[in-house]
Amino acid sequence: QVHIAESGGGLVQPGGSLRLSCATSGIIFRLANMGWYRQAPGKERELVAQIVTDGSRIHVDSVKGRFFVSRDDAKNTAYLQMNSLKPEDTAVYYCKTTLAVADSAGNTDYWGQGTQVIVSS
C-alpha cells in the first residue's frame, strides 16, 4: 500500500525558513520522481520543484534561488528546503510521487495530504 506523508509546515515570518519532508512507503523510492506542489487560496495547484531519479532538479522561477529540493534514497524521503520565505509562498504544499512503471493497481501518481505553510508577520 502506497503512503505519502508531508510534514514540516507551519507559521513563519517573512524571510524565515522551513524544511518540508515527504516520507514515502510502499514504493521503490529510488525509481520514483518526486515533486512538490502548492496551492494558495483561490489559485490552481502549481508545481514548485521536482527531483527525478537521477537527482536532476527543477525549480520554478518564483522559488529559484530560495527553495531547494533534495532526496534521500536511504530514507525514502524527499525534502523541500525553503529559505527567504515571502507572504506569497503561503499555501498548502503537496508532495507527489510519480512511478516509472504503473504499480499493481495500475497507478503511477500518488499525492500526500498536504502541509500548510503560512508566511506572515
Are Val2 and Met34 co-members of a hydrophobic cluster defined by side-chain heavy atoms under 4.5 Å apart? yes
Would the Trp111 and Tyr37 ring centres measure less than 6.0 Å apart? yes
Nearest heavy atoms of Arg30 and Asp73, plus distance in Å: CB-OD2, 3.7 Å
Applying side-chain contact (heavy atoms from CB on, under 4.5 Å), run through Val69 and Tyr79 and close with a yes or a no. CA-CA 6 Å; Val69 62; Tyr79 303 93; over 6 Å; no
Tell me, do Ser120 and Leu11 make a side-chain contact under 4.5 Å, heavy atoms counted? yes
Check whether any side-chain heavy atom of Val117 sits under 4.5 Å from a side-chain heavy atom of Leu18, and report yes or no. yes
Check this for me, if you would: do Asp61 and Lys64 make a salt bridge, where the nitrogen-to-carboxylate-oxygen distance has to be below 4.0 angstrom? yes
Identify the heavy atoms of Tyr94 and Arg45 that sit nearest to each other, and give their distance. CZ-NH2, 3.3 Å
Intermediate values then yes/no, side-chain contact (heavy atoms from CB on, under 4.5 Å), Ser7 and Thr115: CA-CA 6 Å; Ser7 62; Thr115 184; 5.6 Å; no
Can you give me the closest heavy-atom contact between Trp36 and Cys22, atom names plus distance? CZ2-CB, 3.6 Å
Can you give me the closest heavy-atom contact between Arg66 and Ser84, atom names plus distance? NH1-O, 2.9 Å
Is Ile27 linked to Val52 within one hydrophobic cluster, defined over Ile, Leu, Val, Met, Phe, Trp and Tyr using a side-chain heavy-atom separation of less than 4.5 Å? no
Is it possible for you to say whether Val48 and Phe68 belong to one hydrophobic cluster, with membership spreading through side-chain heavy-atom contacts below 4.5 Å? no
Can a side-chain donor-acceptor contact be found between Asn83 and Ser17 if the only test is distance below 3.5 angstrom? yes
Verdict with supporting geometry, Val63 and Arg38, side-chain contact (heavy atoms from CB on, under 4.5 Å): CA-CA 12 Å; Val63 307; Arg38 67 186 180 188; 3.9 Å; yes
Please check if the number of heavy atoms outside Glu88 that lie under 6.0 Å from its CD is greater than 12. yes
Mind checking the CD-CD spacing from Gln116 to Glu6? Nearest 0.5 Å is all I need. 12.0 Å
Between the main-chain N or O of Asp109 and the side-chain N or O of Asn107, is there a donor-acceptor pair closer than 3.5 Å? no
Spacing of Leu85 atom CG and Gln13 atom CD [to the nearest 0.5 Å]: 11.5 Å
Start with the C-alpha gap between Tyr93 and Met82, add the side-chain angles, then the distance that decides, and say whether side-chain contact (heavy atoms from CB on, under 4.5 Å) holds. CA-CA 11 Å; Tyr93 284 72; Met82 304 186 296; 3.9 Å; yes
To the nearest 0.5 Å, atom CG of Leu47 lies from atom NE2 of His59 at 10.0 Å
Please say whether more than 12 non-hydrogen atoms of neighbouring residues, nucleotides or ligands are located less than 6.0 Å from CD1 in Ile28. no
Got a second to check how far Ser70's OG is from Leu80's CG, nearest 0.5 Å? 8.5 Å
Less than 4.5 Å apart, any side-chain heavy atom of Ser121 and any of Pro14? yes
How long is the span from the CD atom in Gln50 to the OG atom in Ser56, to the nearest 0.5 Å? 10.0 Å
Among Thr97, Thr24, Thr98, Asp103, the one residue meeting side-chain hydrogen bond (donor to acceptor under 3.5 Å, both in side chains) with Tyr110: Asp103
Heavy atoms of Gly9 and Leu20 approach each other most closely as N-CD2, 3.6 Å
The reported gap from CG in Leu99 to CZ in Phe29 (rounded to nearest 0.5 angstrom) is 11.5 Å
For a 4.5 angstrom cut-off between non-hydrogen side-chain atoms, does Val12 reach Ile118? no
